[in-house]
Asks: 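Below you'll find the structure I mean.
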Amino acid sequence: QVQLVESGGGLVQVGGSLRLSCAAPGSIFSFNNMGWYRQAPGKQRELVAAITSGGSTFYADSVKGRFTIPRDNAKNILYLQMNSLKPEDTAVYYCAAVSGVIHWGQGTQVTVSS
């Protein structure tokens, strides 16, 4: 099992920004895809943003124009840059990496207060 370590969650006001980090144990290029999911209370886990090893990106409609998914190839870290945060962005955010199977991080809480 690959251990993904997330950090960067917290409490932020509406309109603020946060950057989540996901550290991988080896080269992030060893994964076919990496991404960020989130799960709000009482809701299903949903894909927020993803990036392929080739650099193609996907964003959920709800975060387009506000979130980006950059990565630091040298440090093997995937980020989720979240700007213009809204209360509906409140959720536990999970990093995921796919290499045949999907590996999950432990999750980090993001709370946006109005």
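The structure presented is a predicted model; accordingly, all values stated were derived computationally and were not measured.
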Asks: Checking E6 against Q106 for the side-chain contact (heavy atoms from CB on, under 4.5 Å) test, could you report, in this order, the C-alpha distance in whole Å, the side-chain angles of both residues, the deciding distance, and whether it holds?
Replies: CA-CA 7 Å; E6 299 141 345; Q106 80 281 6; 3.4 Å; yes
Asks: Can you name the nearest heavy-atom pair linking G8 to L18, along with the distance?
Replies: O-CD2, 3.8 Å
Asks: Check K86 with D89, please: is the shortest side-chain N to carboxylate O separation under 4.0 Å?
Replies: no
Asks: Do V14 and M82 share a hydrophobic cluster (ILVMFWY, side-chain heavy atoms under 4.5 Å, transitive)?
Replies: yes
Asks: Taking all atoms of both residues into account, what is the closest heavy-atom pair of S113 and L11, and its distance?
Replies: CB-CD1, 4.1 Å
Asks: Out of curiosity, I102 CD1 to N32 CG, how far, rounded to the nearest 0.5 Å?
Replies: 11.5 Å
Asks: Assigning hydrophobic clusters by single linkage (Ile, Leu, Val, Met, Phe, Trp, Tyr; side-chain heavy-atom cutoff under 4.5 Å), is V98 placed with L47?
Replies: yes
Asks: For E46 and R38: C-alpha separation, side-chain torsions, deciding distance, then whether side-chain contact (heavy atoms from CB on, under 4.5 Å) applies.
Replies: CA-CA 5 Å; E46 62 173 352; R38 68 186 180 187; 2.7 Å; yes
Asks: Work out which heavy atom in R66 is nearest to a heavy atom in S84; give both atom names and the distance.
Replies: NH1-O, 3.0 Å
Asks: Could you measure the distance from the OG atom of S7 to the CD1 atom of I77? Nearest 0.5 Å is fine.
Replies: 7.5 Å
Asks: For L4 and C22, work out which heavy atoms get closest and say how close.
Replies: CB-SG, 3.9 Å
Asks: What distance do N73 atom CG and K75 atom NZ have between them, rounded to the nearest 0.5 Å?
Replies: 12.0 Å
Asks: Distance from I51 atom CD1 to T68 atom OG1, nearest 0.5 Å?
Replies: 10.0 Å
Asks: Could you grab the distance from atom OG1 of T108 to atom CH2 of W36, nearest 0.5 Å is fine?
Replies: 7.5 Å
Asks: Tell me whether V5 shares a hydrophobic cluster with L80, the cluster being built from Ile, Leu, Val, Met, Phe, Trp, Tyr side chains joined at under 4.5 Å.
Replies: no
Asks: Show the numbers, then the answer: is there a side chain to side chain donor-acceptor pair (under 3.5 Å) between T90 and E88?
Replies: CA-CA 5 Å; T90 295; E88 51 264 42; over 6 Å; no
Asks: Do Y59 and L20 share a hydrophobic cluster (ILVMFWY, side-chain heavy atoms under 4.5 Å, transitive)?
Replies: yes
Asks: Nearest 0.5 Å please: distance from the OG atom of S114 over to the CG atom of L85.
Replies: 13.0 Å
Asks: Take Q81 and S17 through the test side-chain contact (heavy atoms from CB on, under 4.5 Å) and record every step on the way to the result.
Replies: CA-CA 8 Å; Q81 178 66 46; S17 298; 4.1 Å; yes
Asks: Locate the shortest heavy-atom distance separating Q39 from A91; write the atom from each residue and the value.
Replies: O-CB, 3.5 Å
Asks: Identify which one of Y93, Y94, F58, W104 satisfies the ring-ring contact (aromatic ring centres under 6.0 Å, His included) criterion when paired with Y37.
Replies: W104
Asks: N83 and F67: side-chain contact (heavy atoms from CB on, under 4.5 Å), yes or no, with the steps?
Replies: CA-CA 6 Å; N83 300 324; F67 291 12; 6.0 Å; no
